K.L.:
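Just dropping this structure here.
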Amino acid sequence: MADVVAVRERGALPARPARRFGLSWVGLLPFFLFSFAFIVMPTAYLVFGSLQKDDKPSLQNYADLGTGVIPLSLLTSIEVSLVTAVAGGILGFLLAYAIILGGLPRFLRTAVTTFSGVASNFAGVPLALAFTFTLGQLGVLTVFLKDTFGFDLRSTGFRLSDKLGLELVYLYFQIPLMLLIIAPAIDGLKKEWREAAENMGATPADYWRRVALPILTPSILGTMILLFGNSFGAQATAYQLTGGALPLATLTISAQISGDVLHNPGLGYALAMTMIAIMAVSIGIYTVLQRRAERWLRS
Amino acid sequence: MTTGNANPFAPLGIMRSWLRLDRGGDPGPRKSVLTRLVSWVIFIGIALYFLIPLFATFLQSIKPKPNGIPDPTLAYRTVLGLQGFYVGLGYSFAIGVITILISLLIIVPTAYWVRLRAPRLRPVVEFVTLLPFVIPPVVYVFGLIRTYGNKPFLLLATNLGSDAVLVGAYVILSFPYMYRAVDTGLAAVDVRSLTEASQSLGAGWTRILLRVILPNIRTAILSGAFLTLAIVVGEFTIATYLARNWAFGPYLSLLGRTQPYTPAVVTLISFGLTWIAMLLIAFIGRGSRTRVQVAGAR
């Protein structure tokens, strides 16, 4: 605003705005240079690498994504992410409902919120270790179940290093993240909406089905998609838990970094680009849905 | 301070929670007995899921029985005598502090400049700061290693070079949180008037930034700094390739593979550190009216 006024006052200097723009660009130079060196260049390396085969431009690497361990690792990653996003989403929502609207004492809400902040950040190696101490071969719970109830968990085929085990562990950070992001949306449900619905004869079930849930749907879906990305990009927990044995996209990448297990550098870059594309789509949908959801939270 | 953000969006929940959580909202009518019962069942079930692994870790940590005699504090004493534990924590902490300083040095002038002089470039800057959300850490470190592990930018050949790339990577990871924290901090003060007032009193750019703008966005800076520290200390995926097993995350991983009881102690310690970090962040966030919003990406 002030810029416009300033320019108009000095109407005789038409070159001014152009120079302003030139200068404004210079002010951001440190930021752009740093970003160029540390994120644009590394990403560009992956992009160009994925588009080359035997030092010649080629799309062959993308065609080769269907070979070897790659389809399985991508599918496993997507499956684990979907399962933990949906399960974590539902459980996180239920927990948020319980502590906000379920008539539980208020202090529980504060406690759960604070704990969620910690738990959503408690991931990676220590999380994997905590679960190994619980449900691993010699885990406290495993031994307890066996000694007390004669129930041998391993006889059911359950392994922490399998898909199911990994999913169980991932819920430890997925549920709290869902709770933290969805709670403001539940808080945003206005008293007037419920009162209006009741005045028109709606039962609580009607209110939830016809008013509250439709308003919350974009938030719920959007957050679940965020959870999907959260799990899709995770590597440390899975690495510690499975020792890299489970075919997951992130683990395939880490194996490729250490020793070109795909026997084709370009293929690793193509897999990396595929993961970036999947993440970009998730974040894109999340952003759109979140914007939609915020229409109701405003005012 | 926290350990191993395997999941890139973890701090996001924290930042969002400053926004509206605990604001109250509409509790609705008095709840029926059934609603309360179901709520309690949900709460207790999920609480058990979260508390049992912590309890199991605690039991594991007091389990050692050298020569058949229980010695519950043995693992704790062992950890406190481990040199690698201090090295790991110290190294990661130092890297975290350097990361915060560089991140602030870049982000504060950038956010200030975008607001004051280059609002048209805001979408570009925001897009760049959001890149770490789109690129999974393991993919990111893949690109870093290939870029800086080969000529002409061979930085990873030396320890100092590796540390530099590690700090660079963490600074990038801090951008989404730091930029948003600082930008919302700037939104709360009248940057333009402050700048013009300082200029008319004869202050230069450095003085304006350091003596006028910076003190006004202290809270935002502190929040961003703690969040960054929470991301960096204990980070595993990137550190494992660039920090030569010195960092806290890779050290804990190594410990977990080779020792039976001490990793339980370190796990509990890192959980405790996570608590401290989160309480500090919540404390800072609560005192201010800074409203931070992430990933809603305007």
Side-chain angles (χ1 to χ4, degrees), chain A residues 2 24 27-28 30-31 34-35 38-39 41-43 45-46 91 94-95 98 101-104 113 117-126 129-131 133-134 140-141 173 177 180-181 183-184 187 189 191 226 230 233-237 240 250 253-254 257 272 275-276 279-280 283 287 290, chain B residues 2-10 13-14 16-17 19-21 23 25-26 28 31 35-36 39 42-43 46 52-53 56-57 59-60 106 110 113 117-118 128 131 133-136 138-139 142-147 168 172 236-237 249 252-253 256 263-264 267 270-271 274-275 278 296-297:
Chain A
S24 73
L28 297 177
F31 170 79
F34 193 92
S35 302
F38 285 107
I39 193 150
M41 248 170 41
T43 314
Y45 197 102
L46 298 175
L91 290 171
L94 287 177
L95 185 60
L101 301 173
L104 298 187
T113 310
V118 179
S120 64
N121 278 278
F122 186 66
V125 180
L129 288 174
F131 268 87
F133 299 139
T134 312
V140 172
L141 194 58
F173 53 74
L177 187 58
L180 287 175
I181 299 185
D187 267 343
L189 293 173
K191 195 164 73 185
L226 190 77
N230 197 31
Q235 184 254 358
T237 318
Q240 185 72 19
T250 45
I253 294 279
S254 40
I257 296 176
M275 293 179 65
I276 293 178
M279 289 297 284
I283 302 292
T287 310
Q290 202 64 38
Chain B
T2 93
T3 334
N5 272 290
N7 37 351
F9 303 113
I14 312 288
R16 253 197 98 78
S17 70
L19 195 58
R20 288 187 197 88
L21 217 59
R23 191 198 52 174
D26 169 30
K31 302 301 170 191
T35 310
R36 280 160 185 269
S39 296
I42 294 171
F43 170 74
I46 296 180
I52 287 176
T57 307
L59 288 182
Q60 177 80 10
I106 295 174
T110 301
W113 198 255
R117 285 289 147 91
V128 173
L131 282 177
F133 281 164
V134 178
I135 303 171
V138 71
V139 171
F142 190 23
L144 280 173
I145 285 179
R146 293 294 186 261
T147 307
I172 293 286
F236 174 79
T237 304
L252 179 54
S253 170
T267 298
S270 64
F271 189 75
T274 313
W275 263 104
M278 292 306 122

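Everything numeric here is computed off the predicted structure, so don't read it as measured data. Letters go in sequence order (proteins before strands), and every chain restarts at 1. Scope of the values below: all heavy atoms of this structure, side chains included, with no hydrogens, waters or symmetry mates.
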K.L.:
Report the distance from atom OG of B/Ser39 to atom CG of A/Leu101, rounding to the nearest 0.5 Å.
P.N.:
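Separation between the atoms: 8.5 Å.
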K.L.:
Hey, could you give me the CG/CZ distance between A/Leu94 and B/Phe43, rounded to the nearest 0.5 Å?
P.N.:
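The CG atom of A/Leu94 sits 14.0 Å away from the CZ atom of B/Phe43.
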K.L.:
Between CZ of B/Phe142 and OH of A/Tyr45, what distance do you get to the nearest 0.5 Å?
P.N.:
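Here the interatomic distance stands at 9.0 Å.
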K.L.:
Taking side chain as everything from C-beta outward and backbone as N, CA, C, O, which of these in A/Leu46 sits under 4.5 Å from a heavy atom of chain B? Side chain, backbone, both or neither.
P.N.:
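Interface part for A/Leu46: side chain.
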K.L.:
Who passes ring-ring contact (aromatic ring centres under 6.0 Å, His included) against A/Phe38, sequence neighbours left out?
P.N.:
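Per chain and number, A/Phe38 pairs via ring-ring contact (aromatic ring centres under 6.0 Å, His included) with A/Phe34, B/Tyr148.
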K.L.:
How many angstroms lie between CD1 in A/Ile257 and CZ in B/Arg146, if you round to the nearest 0.5 Å?
P.N.:
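These two atoms lie 7.0 Å from each other.
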K.L.:
Compare all side-chain heavy atoms of A/Phe133 with those of B/Pro263 and state whether any distance is below 4.5 angstrom.
P.N.:
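Answer yes - side chains close enough.
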K.L.:
Within the 4.5 Å heavy-atom criterion, are A/Pro126 and B/Leu252 side-chain neighbours or not?
P.N.:
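Yes, side chains in contact.
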K.L.:
Quick one: closest heavy-atom pair of B/Trp113 and A/Gly27, and the distance?
P.N.:
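The answer is NE1-CA, 3.4 Å.
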K.L.:
Under the criterion side-chain contact (heavy atoms from CB on, under 4.5 Å), I'd like the reasoning laid out for A/Asn121 against B/Met278: C-alpha separation, chi angles, the key distance, then a yes or no.
P.N.:
CA-CA 9 Å; A/Asn121 278 278; B/Met278 292 306 122; 3.7 Å; yes
K.L.:
Determine the minimum heavy-atom distance between B/Val134 and A/Ile283, stating which atoms define it.
P.N.:
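That closest heavy-atom pairing would be CG2-CG1, 4.4 Å.
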K.L.:
Roughly how far, to the nearest 0.5 Å, is OG of A/Ser35 from CD1 of B/Ile106?
P.N.:
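Rounded to the nearest 0.5 Å, the CD1-OG separation comes out at 7.0 Å.
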K.L.:
Can you give me the closest heavy-atom contact between B/Val139 and A/Ala272, atom names plus distance?
P.N.:
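Heavy atoms only, the tightest pair is CG1-CB, 3.7 Å.
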K.L.:
Run the side-chain contact (heavy atoms from CB on, under 4.5 Å) check on B/Phe236 and A/Thr237 step by step: do they pass?
P.N.:
CA-CA 9 Å; B/Phe236 174 79; A/Thr237 318; over 6 Å; no
K.L.:
For chain B, which of A/Thr43, A/Leu104, A/Leu91, A/Leu141 has the most heavy-atom pairs under 4.5 Å?
P.N.:
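Of the candidates given, the most pairs with chain B belong to A/Leu104.
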K.L.:
For a quick test of reading the model, state the closest non-hydrogen atom pair linking A/Gln240 to B/Ser253 and the distance between them.
P.N.:
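So the minimum-distance heavy-atom pair works out to OE1-OG, 2.7 Å.
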K.L.:
Which heavy atom in A/Leu28 sits nearest to a heavy atom in B/Ala118, and how many Å separate them?
P.N.:
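Taking A/Leu28 first and B/Ala118 second, the nearest heavy atoms are CD1-CB, 4.2 Å.
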K.L.:
Could you have a look at B/Leu59, B/Ile52, B/Leu144 and say which one has the most heavy-atom pairs with chain A under 4.5 angstrom?
P.N.:
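That would be B/Leu144.
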K.L.:
Please give me the minimum heavy-atom distance between A/Met279 and B/Pro136, naming the atom from each residue.
P.N.:
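Between these two residues, the closest heavy atoms are CG-CG, 3.8 Å.
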K.L.:
Taking atom CD1 of A/Ile39 and atom OG1 of B/Thr147, what is their separation to the nearest 0.5 Å?
P.N.:
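One gets 11.0 Å once the value is rounded to the nearest 0.5 Å.
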K.L.:
Holding to side chain to side chain donor-acceptor pair (under 3.5 Å), I want the full list of residues that pass it with A/Thr134, two or more places apart in sequence or in another chain.
P.N.:
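None.
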K.L.:
Is there a side-chain contact between B/Thr57 and A/Val140, using heavy atoms and a 4.5 Å cut-off?
P.N.:
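Result no, sub-4.5 Å side-chain heavy-atom pair not found.
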